[in-house]
Visitor: 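So that we are looking at the same thing, I have put the structure below in structure tokens.
Chain identifiers are assigned alphabetically (A, B, ...) following the order of the sequence lines, protein sequences preceding nucleic acid strands; residue numbering begins at 1 within each chain.
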4 protein chains.
Amino acid sequence: MSNTKSTQRRRGRPQGDEVKIAILKAANELLEEQGLSGFTIDAVATRSGAARSSIYRWWPNRGALAIAGFLAETAQKIAYPATGSAVADIKSQLMRVAEVYGQKVGRTISALVAQGQSDPEALKALLEGYVLPRRDEAKKVLARGVANGELRAGIDFDVVIDALYGPIWYRILVPHAPLSREWAAALADHVFGGLMASPAAPEGVVDAAGSTAPPPARRRAARRAVPQNPPSRGS
Amino acid sequence: MSNTKSTQRRRGRPQGDEVKIAILKAANELLEEQGLSGFTIDAVATRSGAARSSIYRWWPNRGALAIAGFLAETAQKIAYPATGSAVADIKSQLMRVAEVYGQKVGRTISALVAQGQSDPEALKALLEGYVLPRRDEAKKVLARGVANGELRAGIDFDVVIDALYGPIWYRILVPHAPLSREWAAALADHVFGGLMASPAAPEGVVDAAGSTAPPPARRRAARRAVPQNPPSRGS
Amino acid sequence: MSNTKSTQRRRGRPQGDEVKIAILKAANELLEEQGLSGFTIDAVATRSGAARSSIYRWWPNRGALAIAGFLAETAQKIAYPATGSAVADIKSQLMRVAEVYGQKVGRTISALVAQGQSDPEALKALLEGYVLPRRDEAKKVLARGVANGELRAGIDFDVVIDALYGPIWYRILVPHAPLSREWAAALADHVFGGLMASPAAPEGVVDAAGSTAPPPARRRAARRAVPQNPPSRGS
Amino acid sequence: MSNTKSTQRRRGRPQGDEVKIAILKAANELLEEQGLSGFTIDAVATRSGAARSSIYRWWPNRGALAIAGFLAETAQKIAYPATGSAVADIKSQLMRVAEVYGQKVGRTISALVAQGQSDPEALKALLEGYVLPRRDEAKKVLARGVANGELRAGIDFDVVIDALYGPIWYRILVPHAPLSREWAAALADHVFGGLMASPAAPEGVVDAAGSTAPPPARRRAARRAVPQNPPSRGS
DNA sequence: TACTAACCGAGACGGTACGTCAGGTCTTGGT
DNA sequence: ACCAAGACCTGACGTACCGTCTCGGTTAGTA
């Protein structure tokens with residue numbers, strides 16, 4: 001990024017990465033420990049041993065610093081497993097995410113989202129630096145699942161990801177009950193398995209509620225593959 | 001509520017409702033229009049015509065005022081429909097929620113959640129004043145669905161509600177894509193209908209990942225026998 | 001005061017003095033105990049058991065209340081003695097004033113003066129209600145002294161009173177050292193007796209500085225009798 | 001004072017004196033023009049062009065600022081003259097003080113004293129920063145007068161200073177009549193010259209009231225009449 | 001004896017200033 | 001050129017009193 005050619009040295013004192021790293025580390029720790037309220041530029045400066053001006057030299061404001069700290073330190077810790085089954089991979093990763101987000105990372109993420117509500121740049125950075133890349137990853141796994149035949153062909157990946165991961169973010173932001181692996185497992189089962197006792201109901205709902213976007217293609221494919229699959233909505 | 005008998009008048013000058021109402025109205029408008037950043041006690045005072053001290057007389061801090069404004073003005077605007085079908089009711093309400101939250105109410109709610117991340121009281125107020133009551137309402141509808149035979153008996157209402165509403169909150173807080181009725185309809189269909197191409201998969205996942213709450217029996221049974229089998233999980 | 005003829009009774013409930021008295025008492029106590037900073041309308045109301053509005057019904061603001069409390073409760077406690085000698089009366093009263101002002105009354109007076117600096121009405125009330133009447137009293141005693149032949153005929157009573165009582169007020173307002181009877185006695189002696197070793201000096205000063213009020217009588221007597229005697233204290 | 005060696009530079013941005021000076025200047029002007037009531041931190045900030053936070057960085061509260069403004073701007077304007085005669089010096093300085101205090105400085109000082117009545121720190125600062133140093137100066141002049149033989153050896157400097165300057169402070173704080181050079185001259189004459197028509201009276205009083213500080217100049221005259229009266233304080 | 005106007009307690013209300021805190025900018029001197 | 005230190009301006013926070021006002025309840029003299 002800011003590197004010129006390595007042969008071409010700039011004048012003056014070269015930038016020591018230690019300062020930057022110390023700042024990011026301190027930022028991340030504060031975010032984990034105290035959330036947004038304790039995350040003060042001054043606090044970061046004090047903890048890192050850096051000066052406030054050094055922070056502002058590299059990041060334009062506290063939102064940017066928060067995101068940067070998160071991305072540098074925490075973001076990449078949750079990787080997808082890669083077994084044979086896409087569904088199994090997703091489910092186990094979902095459980096792991098629920099577990100991890102239930103701890104310090106959750107505090108951090110909720111702080112970042114909160115910051116984003118009054119700081120469009122921070123929101124954008126969070127989206128582009130974390131949310132969207134991870135959604136892309138998830139989509140790849142889902143695509144593998146479709147290719148495998150584990151999942152129906154017509155599913156809308158974005159909707160599925162929202163259905164799987166949305167509840168987790170919801171629970172860390174609106175903590176009406178703690179996150180747990182068990183809850184995540186149940187969530188995955190519900191989403192993958194459906195809830196209906198009788199397959200006929202949804203269509204009625206769709207008609208009744210005026211839905212304009214019935215997903216028929218999937219259904220047909222599904223019908224082929226699982227002939228006696230009763231939840232055929234159209235039938 | 002906190003009134004003693006109506007015959008028992010309180011001493012002192014009675015509170016003029018106009019002021020309180022004007023304050024709440026102004027608070028709500030500011031929250032809708034500008035989110036958290038524009039939501040200042042001073043701004044509320046100016047817009048409402050009240051004095052700052054009058055605001056602080058009734059609400060201890062800005063978080064409490066934000067919640068109160070939302071609850072007083074906006075919260076009750078989204079009611080459940082009550083047709084015959086529980087599932088249809090939920091789905092159509094979900095779509096309506098998605099629609100409404102996609103507009104000004106969404107800004108307000110996201111601001112409130114953000115505020116809650118650094119203000120435990122505000123978070124508590126939001127939960128107790130809005131989230132939990134609405135979840136209870138939803139649970140009643142779900143229970144009706146189970147009683148109807150529309151839904152399986154074994155489902156965990158909290159998980160279902162998380163699966164249905166979590167994604168909406170997620171999307172207003174992390175707006176990677178706009179909310180829409182269609183998206184909500186698709187979401188409902190996914191959750192109610194499931195995603196699996198083959199119903200066998202989840203169990204494998206469950207086994208692999210150590211889930212303790214697999215809902216397999218129903219589906220197999222349903223597939224076989226189908227109709228109004230209400231196999232309660234506990235049985 | 002605001003009474004119309006005593007025969008002409010007004011309709012309605014007459015004013016009960018208890019409330020007024022309780023208010024004044026509380027006001028005075030607060031002033032004595034805590035000075036200006038603790039003297040709050042609210043504090044007075046609470047301590048007296050009266051309502052704030054009752055206070056404002058009778059006194060226009062806190063300054064007026066402070067003065068009224070002082071005048072009603074404390075002011076008249078210091079009376080002049082009346083022996084034969086005017087000088088002795090003044091001196092003993094000065095000592096008594098110093099003693100009394102050194103205690104709670106001093107706190108009260110200093111608070112009132114302080115209040116007066118930012119409240120012209122209060123200052124005026126203090127002057128007219130306390131300071132000037134007492135100065136008039138003192139002037140009478142001084143006049144008696146002149147009539148007696150105890151004091152020179154040409155003295156300016158206002159200047160004398162300033163010289164005698166000014167230092168007391170100065171010491172309670174600028175407490176560089178505590179008030180005491182001894183100090184007051186020394187003060188009286190200095191003022192009544194003068195400080196000069198040689199009586200010639202003042203005239204020179206007077207001439208040089210343009211004084212318009214030379215006190216010649218005493219000096220002449222002194223000049224005659226006691227030339228350059230430098231009576232050391234230790235002798 | 002607080003400087004370490006000049007070679008030892010402090011880190012960080014050095015303080016720009018302009019800001020501090022502008023603040024003190026504004027503070028002083030406000031005090032002169034409007035007294036305590038107009039002396040608001042906000043007003044000082046506005047007039048000086050500085051920020052409120054800059055004021056609070058250097059002074060802990062409004063009392064401290066008031067004192068500082070006075071000491072920095074006004075306090076040193078009144079110096080003692082230094083002619084041969086101590087008495088003449090004191091008298092002419094007293095007249096000058098009366099003249100000066102009768103104008104803007106008087107407003108300032110009365111405001112400071114008033115502030116001091118509810119702010120012990122401010123009172124202490126006024127005493128230590130202004131009152132006591134000036135009293136010390138006056139004592140030096142008085143000592144010179146004693147050395148000269150102009151003044152009696154036994155006089156208590158503190159009492160004399162109270163007698164001379166107390167009335168001035170009294171008059172600016174309790175302005176029953178305006179200050180003037182003439183009044184000050186008369187005051188000086190009274191104090192230096194005494195008031196008694198006959199020198200005998202005070203002793204009676206002294207004895208009766210237990211005074212321990214008899215005024216001797218008069219005594220010389222008295223010595224004739226009451227020769228062996230040795231009311232030496234030390235005995 | 002009933003009326004009725006003033007008294008009284010309570011407290012809502014619009015204001016103003018306080019002192020605190022954080023954010024973000026700028027200016028030094030040192031390395 | 002980078003960095004620590006910290007002065008500086010801005011603006012919101014929550015608190016404390018002020019003085020005004022509007023209620024409901026009470027009470028003593030009058031009709």
Visitor: Is it true that a side-chain atom of S48(D) and a backbone atom of V44(D) form a donor plus acceptor pair closer than 3.5 Å?
Guide: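 Side chain of S48(D) to backbone of V44(D), a donor-acceptor pair under 3.5 Å: yes, one is there.
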
Visitor: From CD1 of I21(C) over to P of dC7(E), roughly how many Å is that when rounded to an integer?
Guide: 16 Å

Visitor: Sorted by first residue and then second, give each salt bridge (Lys or Arg N to Asp or Glu O under 4.0 Å) pair with at least one member in residues 38-49 of chain D; sequence neighbours left out.
Guide: E29(D)-R47(D), E33(D)-R47(D)

Visitor: Below 4.0 angstrom from OP1 or OP2 of dC8(E), is there any side-chain N or O of W58(C)?
Guide: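 The answer is yes; a side-chain N or O of W58(C) sits under 4.0 Å from OP1 or OP2.
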
Visitor: Which whole-number value in Å describes the distance from K20(D) NZ to dG6(F) C1'?
Guide: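 Result: 13 Å.
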
Visitor: OH of Y130(C) to CD1 of I109(C): how many Å apart, nearest 0.5 Å?
Guide: 4.0 Å

Visitor: Mind calculating the distance between CG (D17(B)) and C1' (dA12(E)) to the nearest angstrom?
Guide: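 Atom-to-atom, D17(B) to dA12(E), this comes out as 12 Å.
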
Visitor: Looking only at heavy atoms, what is the nearest atom pair of A50(A) and V19(A), with distance?
Guide: CB-CG1, 4.1 Å

Visitor: With E128(B), which residues qualify under salt bridge (charged side-chain N to carboxylate O under 4.0 Å, His left out), at least two apart?
Guide: K124(B)

Visitor: Roughly how many Å is it from CG in L65(B) to C1' in dG14(F), rounded to a whole number?
Guide: 13 Å

Visitor: Among residues 111-123 of chain A, which contact DNA chain F at a heavy-atom distance under 4.0 Å?
Guide: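 Within this stretch, nothing sits under 4.0 Å of the strand.
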
Visitor: Can any side-chain N or O of Q117(C) pair as donor or acceptor with the backbone N or O of L173(D) at less than 3.5 Å?
Guide: yes

Visitor: Specify the closest pair of heavy atoms between A45(B) and A51(B), including all atoms of both residues, with the distance to one decimal.
Guide: CB-C, 4.3 Å

Visitor: Taking all non-hydrogen atoms of both residues into account, name the closest pair between E32(D) and T108(D) and its distance.
Guide: CG-OG1, 3.2 Å

Visitor: Kindly state each residue pair satisfying side chain to side chain donor-acceptor pair (under 3.5 Å) with at least one member in residues 60-70 of chain B, sequence neighbours excluded.
Guide: R62(B)-Q115(B)

Visitor: Of all of residues 22-31 of chain A, which get a heavy atom below 4.0 angstrom from DNA chain E, listed by number?
Guide: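 Of all residues in residues 22-31 of chain A, none places a heavy atom under 4.0 Å from DNA chain E.
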
Visitor: Taking protein heavy atoms under 4.0 Å as touching, what does nucleotides 15-20 of chain E look like 5' to 3' if B marks base contact, S marks sugar-phosphate-only contact and - marks none?
Guide: B-BSBB

Visitor: Determine, step by step, whether L123(B) and L112(B) satisfy the side-chain contact (heavy atoms from CB on, under 4.5 Å) criterion, reporting the C-alpha distance in whole Å, the side-chain angles of both residues, the deciding distance to 0.1 Å, and the verdict.
Guide: CA-CA 8 Å; L123(B) 185 54; L112(B) 294 176; over 6 Å; no

Visitor: Return the minimal non-hydrogen interatomic distance between A122(B) and G116(B), and the atom names on each side.
Guide: CB-CA, 4.4 Å

Visitor: Between atom CD1 in I55(C) and atom C1' in dC17(F), what is the gap in whole Å?
Guide: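 For the pair I55(C) CD1 and dC17(F) C1', the rounded distance is 13 Å.
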
